[in-house]
Every structure is written in structure tokens, then in C-alpha cells.
Amino acid sequence: MANKKKVIVTGFEPFGGHAVNSSWVAVQELEKLGLGEAVDLHVCEVPVEYQAVQDLLPSLWKEPQPQLVVHVGVSGLATTVTLEQCGHNKGYKRLDNCSFCPASQCCMDSGPDCIQSVLDMETVCKTVNGSDLGVTLSVSKDAGRYLCDYTYYTSLYLGHGHSAFIHVPPLGKPYSSQDLGRALQAAVQEMLKILELDPEHNKHCNHEQHHHHHHQHDHV
């Protein structure tokens with residue numbers, strides 16, 4: 001089928017106190033479930049390294065361009081599956097798995113401070129939460145200023161907003177890998193539905209601010 005939609009979903013490798021990274025486990029569960037016949041799903045594991053992210057992401061966005069790239073990361077503070085609305089350019093002081101952080105502490109020297117996804121995560125959240133999934137989703141506007149936020153911003157920049165980021169809790173706190181896989185499947189399918197209805201779906205900037213105070217020390 002020539003006109004399959006190309007979707008890329010990534011998870012991260014282990015880091016810090018996370019000997020198993022639930023994000024990559026959840027993405028592997030999603031790969032088993034798939035996103036339906038019309039979607040060509042590609043998955044990959046991303047290193048917890050700033051330079052590796054800078055090298056890898058342009059290759060994900062190359063032709064044929066994916067319709068959507070979804071990055072999944074773990075947050076030790078999350079108790080819900082958390083949809084991130086935006087990525088941030090500055091504030092990258094935490095050292096990565098190579099004990100490195102960018103000298104400029106930012107992603108793109110000339111980039112805007114914040115880039116929003118074209119997807120309205122509140123809409124995705126409401127729809128999936130109304131669907132008896134047995135997994136609760138929430139929305140955040142602070143992806144934590146570590147590799148998650150750095151990856152998201154870079155992808156939003158390269159993909160002109162056609163990206164999403166989902167934070168998942170560690171396994172068993174409270175969800176199993178299968179639960180997380182089903183939640184990713186439901187969220188990504190809803191995102192694709194929204195993009196199909198309105199390819200320029202980007203009227204989402206006026207939502208009230210949701211203040212999620214994530215501490216910065218425990219998520220990618």
C-alpha cells in the first residue's frame with residue numbers, strides 16, 4: 001500500500017536510577033500492537049546523550065518525511081501518562097550519560113525559547129480519557145529540561161511542530177508495560193485522527209496554563 005502513513009515512535013535507553021527505561025519497554029509493546037493497517041510504524045531507541053540526539057534526529061525527519069514523530073520518555077515523578085505540549089530551547093545544565101551538557105545550555109542557538117506541537121494535547125487527553133482505557137492521561141507544559149525536553153524541542157524544530165512527546169511512569173507505578181503500550185496506541189491513533197481532520201491543526205496556544213511542577217532531577 002503506497003500511501004501508508006509513516007509514523008516514528010522512539011523510547012530512551014536506561015539512565016541514572018532507571019536500570020530499565022519504561023519508555024522503551026512501552027514503545028516495544030506499542031510495536032507489537034501496531035497502529036492499524038494504514039500506518040507504517042517505525043520504532044527506535046534513543047541514547048540519553050545530547051550529541052547523539054543532535055546526530056540522530058535529522059535522520060528521522062528525512063524523506064519520506066513521517067507524518068508524525070512521537071518521542072516517549074520516563075518520568076520518575078509521573079503517575080499518569082503525560083502528554084507534553086511544548087519543548088524548550090534553554091536550560092540544559094544536567095549532564096547526560098556521557099557526562100556532557102551543551103556549552104550553550106540550549107538546543108538551537110537561534111531558535112525560539114519554546115515550540116508548541118501543532119497537536120492540542122488537551123483534546124487528545126480528553127478523548128483518550130473518555131474511552132475506558134484503564135490508563136489515565138494528563139497534559140504538561142514542562143518536559144523537564146533534560147534529554148526528553150531537548151529531544152522534543154529538536155524534533156518540533158525539525159518537523160515544524162508535527163511531533164509529540166509522552167512521559168510515562170516507571171513500570172508498575174502503577175501501570176504494566178501492556179497498559180503503557182495500549183495508552184501509547186490510543187494516544188498516537190488519536191493524534192493521527194486530529195492531523196487527518198485538520199493538517200494545519202495548530203490553534204492551541206490560548207489554552208489556560210496548566211502548572212505541573214516537575215522537579216528536574218528524575219526525568220529524561
Side-chain angles (χ1 to χ4, degrees), residues 6-16 21 23-24 42 44-75 77 82-121 139-167 191 195 199-207 209-220:
K6 181 180 173 186
V7 175
I8 298 172
V9 183
T10 74
F12 284 96
E13 69 179 6
F15 73 102
N21 194 322
S23 68
W24 178 234
H42 300 257
C44 77
E45 186 179 25
V46 177
V48 179
E49 298 167 27
Y50 295 104
Q51 194 54 57
V53 167
Q54 281 290 2
D55 295 343
L56 173 69
L57 261 59
S59 70
L60 299 185
W61 283 103
K62 71 180 191 305
E63 296 295 330
Q65 265 210 330
Q67 185 160 9
L68 179 65
V69 175
V70 181
H71 302 289
V72 186
V74 63
S75 168
L77 301 151
T82 308
L83 309 175
E84 299 289 349
Q85 185 63 63
C86 52
H88 301 89
N89 193 19
K90 298 186 174 122
Y92 295 96
K93 299 175 187 167
R94 272 187 72 195
L95 300 181
D96 65 15
N97 277 359
C98 293
S99 301
F100 170 86
C101 80
S104 63
Q105 297 180 359
C106 78
C107 288
M108 302 278 173
D109 289 335
S110 57
D113 282 354
C114 176
I115 303 178
Q116 304 267 343
S117 172
V118 298
L119 290 153
D120 179 8
M121 297 304 174
V139 176
S140 156
K141 291 188 168 73
D142 179 7
R145 297 306 199 290
Y146 191 39
L147 266 297
C148 284
D149 211 342
Y150 188 86
T151 300
Y152 193 20
Y153 182 92
T154 306
S155 217
L156 288 165
Y157 186 91
L158 294 170
H160 307 290
H162 282 71
S163 185
F165 196 99
I166 304 174
H167 263 123
M191 289 170 187
L195 287 175
E200 298 310 314
H201 191 93
N202 55 10
K203 306 287 185 289
H204 61 276
C205 297
N206 303 324
H207 286 275
Q209 294 292 315
H210 288 258
H211 297 291
H212 286 256
H213 295 293
H214 286 311
H215 302 284
Q216 295 182 8
H217 63 273
D218 197 34
H219 55 203
V220 170

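We count residues from 1, following the sequence as given.
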Identified side chain to side chain contact (heavy atoms under 4.5 Å, CB included) partner of Tyr153 from the options Pro112, Ser163, Cys148:
Pro112
The ring-ring contact (aromatic ring centres under 6.0 Å, His included) partners of Tyr92 (sequence neighbours excluded) come to Tyr150
Minimum heavy-atom distance Leu156-Cys86, with the two atoms named
CD1-C, 4.2 Å
Judged by atom type as modelled, is there a donor-acceptor pair below 3.5 Å linking the side chain of Gln85 to the main-chain atoms of Met121?
yes
Which atom of Val72 lies closest to which atom of Phe165, heavy atoms considered:
C-CZ, 3.9 Å
So do the side chains of Ser117 and Tyr152 get within less than 4.5 Å of each other, counting heavy atoms only?
yes
Asn97 backbone acceptor or donor facing Glu49 side chain under 3.5 Å:
no
Could you grab the distance from atom CG of Leu60 to atom NE2 of His71, nearest 0.5 Å is fine?
6.5 Å
Looking at CD of Gln65 and NZ of Lys6, how far apart are the two atoms once the value is rounded to the nearest 0.5 Å?
8.5 Å
Tell me, do Met108 and Thr154 make a side-chain contact under 4.5 Å, heavy atoms counted?
yes
Any donor-acceptor pair under 3.5 Å linking the side-chain atoms of His167 with those of Ser140?
no
Rounded to the nearest 0.5 Å, how far apart are CZ of Arg94 and CG of Leu147?
8.5 Å
Nearest-0.5 Å distance that lies between atom OG in Ser59 and atom CG in Leu158:
10.0 Å
Side chains of His160 and Trp61: closer than 4.5 Å at any heavy-atom pair?
no
How long is the straight-line distance from CG of Leu119 back to CG of Leu195, given to the nearest 0.5 Å?
4.5 Å
Spacing of Leu68 atom CG and Ser155 atom OG [to the nearest 0.5 Å]:
9.0 Å
Polar side-chain atom of Arg145 near backbone of Lys90 as donor-acceptor pair, under 3.5 Å
yes
Give me the ring orientation class for Tyr146 and Tyr50: parallel if the planes are under 30° apart, tilted from 30 to 60°, perpendicular past 60°.
perpendicular
Pro14 and Val48: which non-hydrogen atoms are nearest, and at how many Å?
O-CG2, 4.3 Å
Could you walk me through whether Thr82 and Ser75 pass the side chain to side chain contact (heavy atoms under 4.5 Å, CB included) check?
CA-CA 9 Å; Thr82 308; Ser75 168; over 6 Å; no
Can you check whether Phe15 reaches Val74 side chain to side chain, under 4.5 Å on heavy atoms?
yes
Is the closest side-chain heavy-atom distance between Ile115 and Asn89 below 4.5 Å?
no
Quick check: closest heavy atoms across Met191 and Val70, and the distance to 0.1 Å?
SD-CG2, 4.4 Å
